[in-house]
Amino acid sequence: MPFPLRSSKAILHVDGDAFFAACEVSLDPSLRGKPVVTGLERNIAAAMTYEAKRRGVTRGMILSEVRKICPDAVILASDYETYAIFSRRMYSIVRRYTPVVEEYSIDECFADLSGLRRMHRMPFRSIALAVKADLEKELGMTFSVGLGPSKVLAKAGSRLGKPAGFTAIAGRDIEAVLGSLDIGKVWGIGPNTAAYLRAFGMKTALEFAMKDEAWIKENLAKPQHELWHELRGTSVLPVAIPTSEPQQSIGKTRTFTPPSANRTFVFSELSRNVENACFKARRHGLAARYVSFFLKRQDFRRSGSEQRLREATSIPSDIIAAIEPEFARLFSSGTPYRATGVTLSGFEYASRQQLGLFESAAPDIPAEVYERIDILSRKHGRHAVFLGSSLAARIYRGKQTRNIAVKNIPGDPYTGRRIGIPFMGEVF
Ligand SMILES: [Mg+2]
């Protein structure tokens with residue numbers, strides 16, 4: 001028996017199943033059980049639920065082919081901002097159990113559980129299952145989880161149980177697991193190395209792991225030598241903690257044609273972007289600490305500003321009140337503008353209850369109002385209820401969808417009349 005039976009190392013690998021599609025289903029429960037495919041924007045299937053996979057949909061398939069083999073497929077545009085938010089929530093849930101978490105990819109991470117049994121008063125297996133249960137409950141999707149004495153074995157474990165499985169590989173299991181693992185399926189062994197090893201008669205990971213170290217040193221480079229150790233249950237690849245948290249953000253940008261020099265209209269476009277960004281933030285239970293916005297002129301020159309908000313918020317009127325003075329400073333009258341954009345960042349998680357307790361900077365708009373608005377928006381569409389400051393943009397969009405070119409927004413009836421409460425009612 002060449003492999004150590006016991007190891008003080010316990011590495012976890014977590015992998016979201018059909019992650020992008022699962023995020024969409026988690027946000028919209030009416031999609032559950034349906035074949036959901038993302039990638040509409042590129043006309044190619046990027047990710048798909050297992051229901052779609054069972055119908056034969058594969059990654060990279062042209063959407064016309066998808067529609068042919070799976071006519072009831074729900075095909076959505078990718079929303080990477082949303083996937084990144086889910087990804088950060090995944091990492092943060094795993095970090096409740098250990099600070100040593102490596103953000104390997106948008107839907108995968110490694111975590112080092114070594115030395116944490118006493119703290120959690122549980123065996124590694126139970127910690128791994130607790131992580132998995134929290135992830136699935138809070139994110140509304142399934143995860144494949146592997147546990148082993150090294151990263152390579154943990155990764156092999158999560159792969160074995162896909163989807164929704166859990167595989168713990170202890171020292172006594174290594175031989176059996178590696179014996180049925182194709183050499184080309186080992187994490188870190190690319191097609192060239194696999195072909196090289198096959199040329200020496202190695203077909204399985206076990207045959208590679210059983211090779212003596214002198215041969216490995218002589219014939220292979222350091223990365224493969226490390227894999228050899230990892231497969232044998234000796235951890236040599238550390239779980240790498242990120243040096244800095246990447247900034248998470250939600251941005252909304254829109255270009256309008258023809259460009260407009262109308263101050264009210266340009267501001268209403270910005271206001272509308274703020275509302276859309278806030279809608280998304282609230283949907284994920286996030287409140288932003290920072291807001292930045294830009295105005296783009298017809299000649300493509302941009303001006304913009306970033307500011308810290310008094311309190312973390314996802315209430316549009318708070319943000320609009322904060323950016324209005326900056327807008328007034330940056331907007332140059334008589335200049336045609338073609339686009340505006342807003343970005344929220346520096347998020348804090350706000351649970352539903354906490355959101356109700358947040359003191360809004362504009363106390364006449366309690367967060368509760370937005371809870372109601374979000375319910376209405378889910379029922380009647382995102383633009384059912386909106387701020388008066390977004391009115392001009394809404395009217396303009398409404399006309400545009402009817403194919404009426406709007407050359408001028410007549411008058412400026414809304415300047416100075418932003419009443420700070422949601423506009424409710426039909427405009428068109
Ligand atoms: Mg995955």
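Nearest heavy atom pair, residue G346 against residue Y290, reads CA-CD1, 3.9 Å. Heavy-atom minimum distance, I319 versus V274: CG2-CG1, 3.7 Å.
The line from CG of L270 to CD1 of I323 is 4.0 Å long, rounded to the nearest 0.5 Å. Of the inter-residue distances, the one linking I44 atom CD1 with L63 atom CG reads 7.5 Å to the nearest 0.5 angstrom. To the nearest 0.5 angstrom, E41 atom CD is 10.0 Å from L76 atom CG. Atoms CD and CZ, on E275 and F279 in that order, are 11.0 Å from each other to the nearest 0.5 Å. A distance of 11.0 Å separates CG in N192 from CG in L197, rounded to the nearest 0.5 Å. Between atom CZ of residue F110 and atom CG of residue L237 there is a gap of 8.5 Å, rounded to the nearest 0.5 Å.
Considering only heavy atoms from C-beta on, Q307 comes within 4.5 Å of V291 through its side chain. Between F208 and L178, every side-chain heavy-atom pair lies at or beyond the 4.5 Å cut-off. Side-chain contact between S268 and L391: absent, with no pair of heavy atoms (C-beta onward) separated by less than 4.5 Å. Annotation: side chain of Q224 is not in contact with side chain of W228 (no heavy-atom distance under 4.5 Å). Side-chain contact between K34 and D72 is absent, with no heavy atoms from C-beta onward closer than 4.5 Å.
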Item to check | Derivation of the side-chain hydrogen bond (donor to acceptor under 3.5 Å, both in side chains) call for D112 and S114 | outcome: CA-CA 6 Å; D112 193 341; S114 311; 2.5 Å; yes
Checklist entry - Hey, mind stepping through D79 and K280 against side chain to side chain contact (heavy atoms under 4.5 Å, CB included) and telling me if it holds? => result CA-CA 11 Å; D79 177 358; K280 189 161 191 179; 2.7 Å; yes
Next on the checklist: Go through it in stages, so that I can follow the logic: the residues are D15 and Y104, the test is side chain to side chain contact (heavy atoms under 4.5 Å, CB included), and I'd like the CA-CA distance, side-chain angles, deciding distance and then a yes or no.
Outcome noted: CA-CA 10 Å; D15 183 354; Y104 180 67; over 6 Å; no
Checklist entry - D374 and R283: side chain to side chain contact (heavy atoms under 4.5 Å, CB included), yes or no, with the steps? => result CA-CA 8 Å; D374 291 342; R283 208 168 176 203; over 6 Å; no
Checklist entry - Can you check ring pair (Phe, Tyr, Trp, His ring centres under 6.0 Å) on F331 and F267, steps first, answer last? => result CA-CA 9 Å; F331 185 85; F267 189 73; 9.4 Å; no
Item to check | Test side-chain hydrogen bond (donor to acceptor under 3.5 Å, both in side chains) applied to S271 and S390, step by step | outcome: CA-CA 5 Å; S271 169; S390 306; 2.6 Å; yes
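Without hydrogens or angle criteria, T98 side chain to R95 main chain gives no donor-acceptor distance under 3.5 Å. Checked by atom type and distance alone, the side chain of R232 pairs as donor or acceptor with a backbone atom of A209 at under 3.5 Å. No donor-acceptor pair under 3.5 Å is formed between the side chain of T38 and the backbone N or O of A21. Not one N or O on the side chain of S314 forms a donor-acceptor pair closer than 3.5 Å with the backbone of R282. Of the possible polar contacts, none joining the E103 side chain to the P242 backbone as a donor-acceptor pair under 3.5 Å is found. A donor-acceptor pair under 3.5 Å is formed between the side chain of N273 and the backbone N or O of T340. Side chain of D173 to backbone of A170: a donor-acceptor contact under 3.5 angstrom is found.
The residues D182 and R198 are annotated as salt-bridged, a charged nitrogen and a carboxylate oxygen being separated by less than 4.0 angstrom. Here E138 does not pair with R89 in a salt bridge; the nearest charged N to carboxylate O distance is not below 4.0 Å. A salt bridge is defined here as a Lys NZ or Arg NE, NH1 or NH2 lying under 4.0 Å from an Asp or Glu carboxylate O, and R329 with E326 meets this definition. A salt bridge links E65 to K68: at least one charged side-chain nitrogen sits closer than 4.0 Å to a carboxylate oxygen. We find that E51 and R32 are not joined by a salt bridge, their nearest charged nitrogen and carboxylate oxygen being 4.0 Å or further apart.
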Could you give the side-chain donor-acceptor pairs of residues 142-161 under 3.5 Å, partners two or more places apart or in another chain?
from: T142; atom 1: OG1; to: D17; atom 2: OD2; distance (Å): 2.7
from: S144; atom 1: OG; to: D17; atom 2: OD1; distance (Å): 2.6
from: S144; atom 1: OG; to: A164; atom 2: N; distance (Å): 3.3
from: S150; atom 1: OG; to: L153; atom 2: N; distance (Å): 3.3
from: S150; atom 1: OG; to: E230; atom 2: O; distance (Å): 2.7
from: K151; atom 1: NZ; to: E102; atom 2: OE1; distance (Å): 2.6
from: K151; atom 1: NZ; to: E102; atom 2: OE2; distance (Å): 3.4
from: K151; atom 1: NZ; to: P238; atom 2: O; distance (Å): 3.1
from: K155; atom 1: NZ; to: E108; atom 2: OE1; distance (Å): 2.5
from: S158; atom 1: OG; to: H13; atom 2: ND1; distance (Å): 2.7
from: S158; atom 1: OG; to: K155; atom 2: O; distance (Å): 3.1

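Between F327 and F293, the ring planes lie tilted relative to each other; the angle falls in the 30° to 60° range. Under the 30°/60° scheme for interplanar angles, the aromatic rings of F86 and H284 are found to stand perpendicular. The aromatic rings of Y80 and Y83 lie perpendicular to each other, with more than 60° between the two planes, well past the 30° mark.
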